[in-house]
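Computed from a prediction, not measured in an experiment: that's the story for all the values here.
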Amino acid sequence: MGTALLRTGEFVCFLDHSNYRREALMSGAVDGLLRRIQQQYGGLIELCVPGVQYRDWCAVVDALVRDRYRMTLSTAGEPVPVRTPPEKEFTDGERVDHLLKVRVGRQRWTTQFYSASLIDFQGDPEELRTTSDLDDLREFGRLLHRSTGRRTVLVPETLDPESVEPYLEFGRPGMP
C-alpha cells in the first residue's frame, strides 16, 4: 500500500499500511509528531512535491477528481469547474488568480498554483489533531506521490521546502 517516513525528532519510523497504527503508537511516534506540528504556533504546514512539471499538476488534479475528494476551485474569486489551470497561468508567485480547496477528512488543504515546478498544498496544523487526521493526511500525501512518482514532504511553511527537515516523507529514495 505504500510507505511513509515519519520524523518526530526522537523517532524515525517507516510506516506502512499493515503495521502503521500498531508500531507507530507503540513507539509514541504519532503523538510526538502531532505535538511537534502543533508547536508551530500560527504557522501553516505544507505538503510539497518539488521538481515537478505541469503534467504532474494535471495528474494530481485528475487523481483528486478520480478519488472523489471534495474540492472547489475559484478563479479571480469566482467558482469554476475543478481543473488544472493552463500552464501559462502559473505565475511563480506573482498575481495568483486561482484557489483550489481540497477537503481531506476534517482538514482543508489549499493551493494557489504558484509554480508549475512545485506542487504546494497548505494546511492548518490545528486541523491535524488525531491519528485519524494523520491517516487522512497520509492518504493525501501518498496520492501526491503516486500521481507524480516524486518525493512528497510535509514541512512547516517555508519558501524552500527542500531546505527543512520534513515531518513526513512519501517516496523517499529506496522507499516504495
- Message: Is there a side-chain contact between V153 and V164 in this structure, where contact means two heavy atoms from C-beta onward sitting under 4.5 Å apart?
- Response: no
- Item | From CZ (R142) to CG (L137), nearest 0.5 Å | 11.5 Å
- Smallest separation among heavy atoms of L118 and P50, with atom names: CD1-CA, 3.7 Å
- Note on the structure: Value for CG (L144) from CG (L64), rounded to nearest 0.5 Å, stands at 7.0 Å
- Message: Under a 3.5 Å distance rule, please check whether E87 uses its side chain to pair with a backbone N or O of A116 as donor and acceptor.
- Response: no
- Note on the structure: Taken to the nearest 0.5 Å, the spacing of T130 OG1 from D136 CG works out to 7.5 Å
- Item | Any L33 side-chain heavy atom under 4.5 Å of L134 side chain | yes
- Before giving the answer on side-chain contact (heavy atoms from CB on, under 4.5 Å), spell out for D56 and V49 the whole-Å C-alpha distance, their side-chain angles and the decisive distance to 0.1 Å. CA-CA 9 Å; D56 295 311; V49 188; over 6 Å; no
- Message: Please tell me whether V102 and L143 are part of a single hydrophobic cluster in this structure, the criterion being side-chain heavy atoms less than 4.5 Å apart.
- Response: yes
- Nearest-0.5 Å distance that lies between atom OG1 in T131 and atom CG in L34: 6.5 Å
- Query: Going hydrophobic residue to hydrophobic residue with side-chain gaps under 4.5 angstrom, can you get from V104 over to L99?
  - Reply: no
- Message: Is any side-chain heavy atom of P85 closer than 4.5 Å to one of T75?
- Response: no
- Is R106 salt-bridged to E127, going by a charged N under 4.0 Å from an acidic O? no
- Item | Side-chain touch F170/R146, heavy atoms, less than 4.5 angstrom | no
- Between Y54, F90, F121, which is the residue that forms a ring pair (Phe, Tyr, Trp, His ring centres under 6.0 Å) with F113? F90
- Could you pull out the closest heavy-atom pair between C48 and D120, with the gap in Å? SG-OD1, 3.7 Å
- Classify the side-chain pair S115/S117 by whether it contains a donor and acceptor separated by less than 3.5 Å. yes
- Item | Side-chain heavy-atom pair V60, V52 within 4.5 angstrom cut-off | no
- Message: To check you understand the geometry: which heavy-atom pair defines the closest contact between S147 and A63, and what is its length?
- Response: OG-CB, 3.3 Å
- Heavy-atom closest contact (P166 atom, R151 atom, distance): CG-NH2, 3.8 Å
- Side chain H98, main chain Q112, donor-acceptor under 3.5 Å: no
- Query: Just by modelled atom types, is the Y69 backbone N or O under 3.5 Å from a matching donor or acceptor in the D67 side chain?
  - Reply: no
- Message: Let me check something: do W109 and L100 share a hydrophobic cluster, defined by ILVMFWY side-chain heavy atoms less than 4.5 Å apart, either directly or through other members?
- Response: yes
- Hey, could you give me the CD/OG1 distance between Q122 and T111, rounded to the nearest 0.5 Å? 7.5 Å
- How about R55: does its CZ atom have over 12 heavy atoms from other parts shown lying under 6.0 Å from it? no
- Message: When you measure from the side chain of Q107 to the backbone of D133, do you find a donor-acceptor pair of N or O atoms at a distance under 3.5 Å?
- Response: yes
- Task: Please tell me if the side chains of M71 and V65 come closer than 4.5 Å, counting only heavy atoms from C-beta onward.
- Result: yes
- Task: Please name the pair of heavy atoms, one in G141 and one in T152, separated by the smallest distance, quoted to 0.1 Å.
- Result: O-CG2, 4.0 Å
- Rounding to 0.5 Å, atoms CG (L154) and CD (E169) come to a distance of 10.5 Å
- Query: In the single-linkage hydrophobic clustering (I, L, V, M, F, W, Y; side-chain heavy atoms under 4.5 Å), do L73 and V61 co-cluster?
  - Reply: yes
